[in-house]
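Only one structure is covered here, and it is reproduced in the block below.
Both ligands and their constituent atoms are indexed starting at 1 by order of listing. Note that the structure is predicted; figures quoted are calculated from it, not measured.
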Amino acid sequence: MRGDPRVDAGAELCTIFCMNHALILTRTADHVRKLLSGDSAGHDWWHIERVRRVALTIAREERADLFLVELAALLHDVADWKFAGGDEKAGPAAARQWLESLDVDQPTTDHVCLVIAQLSFKGAGVATPMDSLEGACVQDADRLEALGAIGIARAFAYGGWKGQAMHDPELPPQPHGSFEQYKQNKGTSINHFYEKLLLLKDRMNTAAGKRLAQARHEFMEQYLQRFFAEWAGER
Ligand code: ADP
Ligand code: NI
């Protein structure tokens with residue numbers, strides 16, 4: 001899964017001819033921070049900052065290209081399909097427009113946009129393979145954000161934003177077999193645990209991602225046990 005040699009060569013050329021990497025990252029972080037500062041559906045700036053941090057931790061262990069990982073992490077949610085009328089091309093297109101406005105070289109832009117295009121979870125029955133090691137690191141980091149204490153908080157924040165019930169014992173979880181079904185989901189936040197969150201630990205790409213996911217998964221299982229015990233009036 002190592003990066004395409006053309007991409008590596010492009011990245012080297014970029015350090016010589018284009019705006020330097022540190023400046024690209026600073027400008028991009030400022031841009032994304034402004035874009036996402038008002039979000040209350042789980043995609044605020046601090047989500048991006050956490051994904052950036054954990055993606056870099058994973059990338060160091062994997063020896064992935066840190067610049068590409070950081071850039072993709074920063075741009076991965078600039079135009080999520082959930083907030084762009086279901087258009088899954090909106091994210092990569094917005095990232096491309098931004099990178100072109102900075103004159104970032106073509107291989108870097110293509111690599112980052114491909115990572116963003118492949119990143120999203122698309123339903124329990126839909127595979128979402130990543131074509132590069134950098135993409136694998138960013139996907140794992142983004143998925144870790146849907147797990148553990150933060151993942152639980154984000155699920156209920158998203159549910160509130162969407163106006164869906166927290167839990168309804170008469171509505172069973174749906175095993176979405178296609179991205180279309182997943183997009184049209186009208187479930188509850190508790191069902192989302194069974195439709196996505198509890199499936200993620202077995203879909204991580206990297207060793208570090210798997211390790212971190214396991215601990216966050218166990219915490220969510222404890223949380224659900226407690227939730228259902230309280231729901232039943234047992235605790
Ligand atoms: P990501 O930032 O990983 O791309 P998403 O864009 O899929 O995550 O969603 C943002 C957050 O909202 C995630 O933590 C996700 O698990 C949660 N979420 C997405 N869909 C639902 C849903 N139908 N019900 C509850 N939470 C959801
Ligand atoms: Ni995200």
Do His167 and Asn191 get their side chains close enough for a donor-acceptor pair, meaning under 3.5 Å?
no

Contact region, Lys162 to ligand 1, non-hydrogen atoms below 4.0 Å, reads neither

Ignoring hydrogens and geometry beyond distance, is a side-chain donor-acceptor pair present between His76 and His43 at under 3.5 Å?
no

Side chain Gln139, main chain Leu119, donor-acceptor under 3.5 Å
yes

Would you say the side chains of Ser189 and Gln164 form a donor-acceptor pair under 3.5 Å?
yes

Arg53: what forms a salt bridge (Lys or Arg N to Asp or Glu O under 4.0 Å) with it, not counting sequence neighbours?
Glu49

Over 12 foreign heavy atoms within 6.0 Å of CD, Glu100:
yes

Answer yes or no for Glu145: is there an N/O/S atom below the 2.8 Å cut-off from the Ni ion (ligand 2)?
no

Quick note on ligand 1: atoms under 4.0 Å from a heavy atom of Ala155 include exactly 25 (C), 26 (N)

Proximal heteroatom of Asp77 relative to the Ni ion (ligand 2) (N/O/S):
OD2

Check: His43 N/O within less than 3.5 Å of ligand 1 N/O:
yes

Please report, to 0.1 Å, the donor-acceptor pairs under 3.5 Å made by any side chain of residues 225-235, with sequence neighbours excluded.
from	atom 1	to	atom 2	distance (Å)
Arg226	NE	Glu230	OE2	3.0

When you measure from atom 12 (O) of ligand 1 to each heavy atom in Phe193, Trp161, Tyr158, which option holds the nearest one?
Tyr158

Looking only at N, O or S atoms, find the one in Asp142 nearest to the Ni ion (ligand 2) and name it.
OD1

Of all the atoms in ligand 1, which lie at a distance below 4.0 Å from a heavy atom belonging to Leu197?
16 (O)

Which is closest to atom 8 (O) of ligand 1 in terms of heavy atoms, His47, Arg143, Lys196, Met166?
Lys196

Side chain, backbone, both or neither: which part of Asn191 has a heavy atom under 4.0 Å from ligand 1?
neither

Are any N, O or S atoms from His76 nearer to the Ni ion (ligand 2) than 2.8 Å?
yes

Please give me the minimum heavy-atom distance between Phe193 and Ala155, naming the atom from each residue.
CE1-CB, 4.3 Å

Between the main-chain N or O of Asn205 and the side-chain N or O of Asp140, is there a donor-acceptor pair closer than 3.5 Å?
yes

Below 3.5 angstrom, do we get any N/O pair linking Ser189 and ligand 1?
no

Quick one: does Glu145 get an N or O within less than 3.5 Å of an N or O on ligand 1?
no

Is Arg154 in polar range of ligand 1, meaning some N or O pair under 3.5 Å apart?
yes

Give the contacting part of Gln164 toward ligand 1: side chain, backbone, both or neither, where contact means a heavy-atom distance below 4.0 Å.
side chain

Please walk me through it: do Thr28 and Leu25 pass side-chain contact (heavy atoms from CB on, under 4.5 Å)?
CA-CA 5 Å; Thr28 301; Leu25 292 169; 5.7 Å; no

Hey, which atoms in ligand 1 end up nearer than 4.0 Å to a heavy atom of Asp77?
2 (O)

